[in-house]
Amino acid sequence: MSSYFTDLAQQYIDGEWRSGTGSWDIIDFDPYNDEKLASITIATVDEVDQAYRAAARAQKDWAATNPYTRRAVFEKALRLVEEREEEIAGAIVAELGGTRLKAAFELHLAKEFLRESVHLALAPEGRIIPSPVDGKENRVYRVPVGVVGVISPFNFPFLLSLKSIAPALALGNGVVLKPHQNTPVVGGSLIAKIFEDAGLPAGLLNVVITDIAEIGDAFIEHPVPKVISFTGSDQVGRHVATVCASLFKRAVLELGGNSALVVLDDADVDYAVDAAVFSRYVHQGQVCMAANRVLVDRAVADEFTEKFVAKVRTLKAGDPRDPETVIGPVINARQADALTGVVEQALSEGATVLVRGGRSNNLVEPSVVTGLPADSALLRQEVFGPVAFLVPFDGEEEAVRLVNDTPYGLSGAVHTGDVERGVRFAKRIDTGMFHVNDGTVHDEPIVPFGGEKHSGVGRLNGDTMLDAFTTTKWISVQHGRSGFPF
């Protein structure tokens with residue numbers, strides 16, 4: 001596996017694999033055992049420029065290519081992912097500490113999104129719109145934006161890079177990808193290798209592995225990209241949006257969350273426990289849709305809490321290579337330190353820690369906290385790790401108020417014995433996605449995905465990919481003669 005990382009520890013610009021020319025290296029570590037996987041010399045501002053220029057050159061011919069021909073590239077890419085599934089899974093485990101279960105989950109979704117990209121190549125349709133002017137024909141074409149800059153995160157890097165790259169390419173655009181520096185291979189060069197082997201023309205997809213300490217805002221300020229697709233924290237997303245707005249670029253922002261899973265008084269408690277534990281602890285809680293808060297009606301709170309705590313205690317933390325492991329390491333020491341700080345802050349605020357997980361390097365075991373004061377900042381922020389907050393409530397009105405009492409609005413879930421009661425509840429929540437009698441962590445290729453408030457701007461998946469990565473162009477044809485007033 002180490003040679004696998006070494007082979008891909010390069011920049012990919014204009015169809016060439018090459019070293020960056022920066023003055024320092026990004027060191028790619030296994031977060032579980034600190035093994036050095038690769039050393040990658042970073043890309044400079046000049047190389048970001050080269051990548052964007054290459055994408056702009058290649059995009060013109062690509063946009064003019066028959067969409068049925070474009071489609072064949074994605075069919076081949078899908079076959080390659082299926083053929084290489086085991087080694088990609090191994091890379092996910094090694095580079096980001098994902099468990100075997102998480103790797104399988106990420107790969108399943110990635111393949112689904114590649115399948116959708118096959119269809120997306122044929123999706124753009126033009127329209128002819130009536131005109132009040134005699135003899136005029138209004139044609140509205142849907143055309144690629146040109147070049148898309150993609151910035152992907154560390155938690156689901158293979159999926160979340162592909163999720164913007166594949167549709168942008170399928171719709172006739174060029175792409176430059178900047179993966180997160182903690183996952184440069186799985187989120188970056190590995191994807192470039194798959195598309196290269198699938199026959200994607202050189203220059204259309206470029207990967208620059210770098211850091212803002214080296215390039216500043218050059219990636220988003222560059223004049224070539226018309227759209228920046230960013231997935232990450234709301235703090236960085238706010239900056240990306242500000243820079244894009246000042247340059248009249250479109251920003252598609254998939255940001256953080258502080259989702260709640262709500263257990264009403266008529267819920268199936270055992271089922272709600274299973275859904276809540278998965279929703280909080282999948283991939284160590286490093287999921288934007290994770291259930292940060294578990295809100296439980298006091299009528300069932302004692303039963304739920306007892307069963308929730310008991311189940312959390314069974315979650316095995318350890319080596320992500322072990323198929324029995326449920327909780328692997330978080331991505332780096334900074335995240336681990338922050339999570340330790342969260343539990344300590346909760347204790348200082350008078351909360352009760354029902355389960356206090358230990359820590360060994362980047363391995364942070366699950367914790368369960370209850371009794372946080374209602375005004376605690378912890379209840380309103382995103383906690384990116386295996387710490388659950390249990391919050392009791394009295395009746396639906398209080399539950400709605402508590403769920404909405406956060407700057408975020410990404411996902412959520414409600415458990416109830418009455419599905420329509422659940423739907424009515426969901427409609428009252430200020431969020432982009434909400435699920436009845438299920439977990440909070442879901443993504444499907446043709447359903448609009450995105451959040452409200454600080455959780456993002458815009459949507460991805462299905463038809464919304466057209467809004468994200470194409471634009472419309474009005475061409476009118478006057479078949480007669482127009483009359484002019486002078």
Side-chain angles (χ1 to χ4, degrees), residues 10-24 26 40-63 143-153 160-161 163-169 171-181 184 187-189 191-192 195 200-233 235-255 457-458 460 468-471:
Q10 299 182 75
Q11 313 291 336
Y12 184 68
I13 299 172
D14 204 5
E16 294 182 359
W17 294 96
R18 49 171 145 146
S19 178
T21 59
S23 59
W24 51 286
I26 286 173
I40 305 169
T41 303
I42 61 166
T44 61
V45 170
D46 185 53
E47 279 141 352
V48 170
D49 177 65
Q50 292 171 35
Y52 274 128
R53 300 294 175 192
R57 284 193 302 272
Q59 187 268 334
K60 299 297 184 188
D61 287 342
W62 180 243
V143 297
V145 293
V147 175
V148 176
V150 177
I151 304 172
S152 63
L160 295 178
S161 293
K163 190 173 175 178
S164 287
I165 292 168
L169 289 171
L171 291 166
N173 299 288
V175 173
V176 179
L177 166 66
K178 179 192 171 298
H180 194 281
Q181 50 268 49
S189 51
I191 294 168
F195 276 107
L200 185 72
L204 274 173
L205 173 60
N206 304 268
V207 177
V208 288
I209 298 167
T210 188
D211 189 282
I212 59 170
E214 174 70 24
I215 66 167
D217 284 338
F219 190 89
I220 49 181
E221 287 180 338
H222 196 282
V224 162
K226 299 298 186 289
V227 174
I228 300 293
S229 179
F230 172 81
T231 305
S233 71
Q235 295 94 333
V236 179
R238 183 189 300 272
H239 179 72
V240 172
T242 300
V243 174
C244 285
S246 71
L247 297 170
F248 301 101
K249 296 177 186 283
R250 186 187 306 170
V252 180
L253 306 173
E254 299 292 338
L255 308 178
V457 176
L460 292 177
F469 301 127
T470 69
T471 188

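For this chain, numbers begin at 1 and follow the sequence in order.
- Scanning for ring pair (Phe, Tyr, Trp, His ring centres under 6.0 Å) contacts around Phe195 gives Phe74, with sequence neighbours left out.
- The backbone N or O of Ala58 lies less than 3.5 Å from no partner atom in the side chain of Lys60, so there is not a single donor-acceptor pair.
- Put simply, the side chain of Asn173 gets close to the backbone of Gly146: a donor and an acceptor are under 3.5 Å apart.
- Gly22 and Thr41 get closest at one heavy-atom pair: O-CG2, 3.4 Å.
- In this structure, OG1 on Thr231 lies 11.5 Å from NE2 on His180, to the nearest 0.5 angstrom.
- In this structure, the separation between CD on Gln181 and CD1 on Ile26 is 5.5 Å, given to the nearest 0.5 Å.
- Looking only at distances, no side-chain donor or acceptor of Ser152 sits under 3.5 Å from a matching main-chain atom of Ser161.
- Going from atom CG of Leu255 over to atom OG of Ser233 covers 7.5 Å, rounded to the nearest 0.5 Å.
- Separating the CD1 atom in Ile220 from the CG atom in Leu247 is a distance of 8.5 Å, to the nearest 0.5 Å.
- Every residue two or more places apart in sequence or in another chain that forms a ring pair (Phe, Tyr, Trp, His ring centres under 6.0 Å) with Tyr52 is listed here: Phe219, His222.
- Minimum interatomic distance between Ala63 and Gly172 (heavy atoms only, all atoms of both residues): CB-O, 3.7 Å.
- The OG atom of Ser229 sits 5.5 Å away from the CG atom of Leu460 when rounded to the nearest 0.5 Å.
- In this structure, Val252 and Phe230 have side chains that are not in contact, with every pair of non-hydrogen atoms separated by 4.5 Å or more.
- Closest non-hydrogen pair, Val240 versus Leu253, comes out as CG1-CD2, 4.1 Å.
- Partner of Val148 under the side chain to side chain contact (heavy atoms under 4.5 Å, CB included) criterion, chosen from Leu177, Val227, Val176: Val227.
- Among residues two or more places apart in sequence or in another chain, the side chain to side chain contact (heavy atoms under 4.5 Å, CB included) test is passed with Ala245 by none.
- Within the 4.5 Å cutoff, side-chain heavy atoms of Glu221 are placed close to those of Val243.
- When atom types are taken as modelled, the side chain of Asn206 and the backbone of Asp14 share a donor-acceptor pair closer than 3.5 angstrom.
- Heavy-atom minimum distance, Val48 versus Ala218: CG1-O, 4.3 Å.
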Original post:
Given the rule in the side-chain contact (heavy atoms from CB on, under 4.5 Å) test, do Ile215 and Thr44 qualify, once you have shown the distances and angles that lead to the verdict?
Top reply: CA-CA 6 Å; Ile215 66 167; Thr44 61; 5.6 Å; no
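- With sequence neighbours excluded, the residues that form a ring pair (Phe, Tyr, Trp, His ring centres under 6.0 Å) with Trp17 are Tyr12.
- Rounding to the nearest 0.5 Å gives a distance of 11.0 Å between CG of Leu204 and CZ of Arg57.
- The salt bridge (Lys or Arg N to Asp or Glu O under 4.0 Å) pairs that include a residue from residues 43-53 are Asp49-Arg53, where partners are two or more places apart or lie in different chains.
- Contact detail for Glu254 and Gly458: the closest heavy-atom pair is OE2-O, 3.8 Å.
- A 4.5 Å side-chain heavy-atom check between Val207 and Ile209 finds at least one atom pair inside the cut-off.
- Note on residues 237-252: pairs passing side chain to side chain donor-acceptor pair (under 3.5 Å), not counting sequence neighbours, are Asp217-His239.
- For Gln11 against Gly20, the heavy-atom pair with the smallest separation is CG-N, 3.6 Å.
- Side-chain atoms of Gln50 and Glu16, non-hydrogen and from C-beta on, never get closer than 4.5 Å to each other.
- Put simply, the side chain of Trp62 gets close to the backbone of Leu169: a donor and an acceptor are under 3.5 Å apart.
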